[in-house]
> 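Have a look at this one before I ask anything.
Owing to the predicted nature of the structure, the values given are computational and were not obtained by experimental measurement.
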Amino acid sequence: MNAYVPILVLGALGAAFAVFSVVVGAVTGPKRYNRAKLAAYECGVEPTPQPAGGGRFPVKYYLTAMLFIIFDIEIVFLYPWAVQFDSLGMFGLVQMLIFVALIGVAYAYDWRRGGLEWD
């Protein structure tokens, strides 16, 4: 348990700093509220009301999300593999080539569906 004490102390210090920063900002910051500041900000575009059942998202949204997940998963597995590359040997190399090939299939699907076209 003694090995985790520094991690817990660091986490507590981080949480205390975050809480302290929010409290000090709220107490010392200016209090000039107006209608523009209290309105929801959506990239400079006036927000529009949503239909009762919610709006429909275009397929392009899901393709972009899929592309993010592909790259995210790839990086999460490639960094530890690169660190332990020497100790894994040929087995690790073959397994990573299979993994990259599977990720390549998902990438090709997303590319084919137009997920990389930003119009």
> To which residues is Val5 joined in a hydrophobic cluster, defined by side-chain heavy-atom contacts under 4.5 Å among Ile, Leu, Val, Met, Phe, Trp and Tyr, whether direct or through other members?
Val9, Leu13
> Once side chain to side chain donor-acceptor pair (under 3.5 Å) is applied, do any residues pair with Ser21, and if so which ones, sequence neighbours excluded?
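Not a single residue meets the side chain to side chain donor-acceptor pair (under 3.5 Å) criterion with Ser21.
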> Exactly one of Ile75, Val76, Ile69 should register a side chain to side chain contact (heavy atoms under 4.5 Å, CB included) with Ile73. Which one does?
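Between Ile73 and the candidates, side chain to side chain contact (heavy atoms under 4.5 Å, CB included) is satisfied uniquely by Ile69.
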> Going by the side-chain hydrogen bond (donor to acceptor under 3.5 Å, both in side chains) test, which pairs reach into residues 78-89, not counting sequence neighbours?
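Output for this query lists Gln84-Ser87.
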> Just grab all the ring-ring contact (aromatic ring centres under 6.0 Å, His included) pairs involving residues 4-29, residues at least two apart or on different chains.
none
> Applying ring pair (Phe, Tyr, Trp, His ring centres under 6.0 Å), can you list everything that pairs with Phe77, at least two apart in sequence or on another chain?
Phe99
> Take Leu88 and Gln95, measure what side-chain contact (heavy atoms from CB on, under 4.5 Å) needs, and give me the verdict at the end.
CA-CA 10 Å; Leu88 293 175; Gln95 293 299 317; over 6 Å; no
> Are Tyr107 and Tyr62 connected in the hydrophobic side-chain network, where two residues link if heavy atoms are under 4.5 Å apart?
no
> Can you list everything that forms a ring pair (Phe, Tyr, Trp, His ring centres under 6.0 Å) with Phe91? Sequence neighbours excluded, please.
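With sequence neighbours excluded, Phe91 shows a ring pair (Phe, Tyr, Trp, His ring centres under 6.0 Å) to no residue whatsoever.
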> Quick check for you: to the nearest 0.5 Å, what is the distance between Leu116 atom CG and Leu63 atom CG?
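Interatomic distance, Leu116 CG to Leu63 CG, rounded to 0.5 Å: 9.0 Å.
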> How far does CZ of Arg113 sit from CG of Leu67, to the nearest 0.5 angstrom?
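Going from CZ on Arg113 over to CG on Leu67, the span is 14.0 Å.
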> Output all residues satisfying side-chain contact (heavy atoms from CB on, under 4.5 Å) with Leu102, sequence neighbours left out; order by chain, then residue number.
Ile98
> Please report the interatomic distance CZ(Phe85) to CG(Leu93), rounded to the nearest 0.5 Å.
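Reported to 0.5 Å precision, the distance equals 5.5 Å.
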> Test of understanding: with side-chain contact (heavy atoms from CB on, under 4.5 Å), list the residues that count as partners of Ala106, not counting sequence neighbours.
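side-chain contact (heavy atoms from CB on, under 4.5 Å) check on Ala106 returns Met66, Ile70.
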> Which ILVMFWY residues can you reach from Val23 by hopping between side chains whose heavy atoms are under 4.5 Å apart?
Val19, Val27
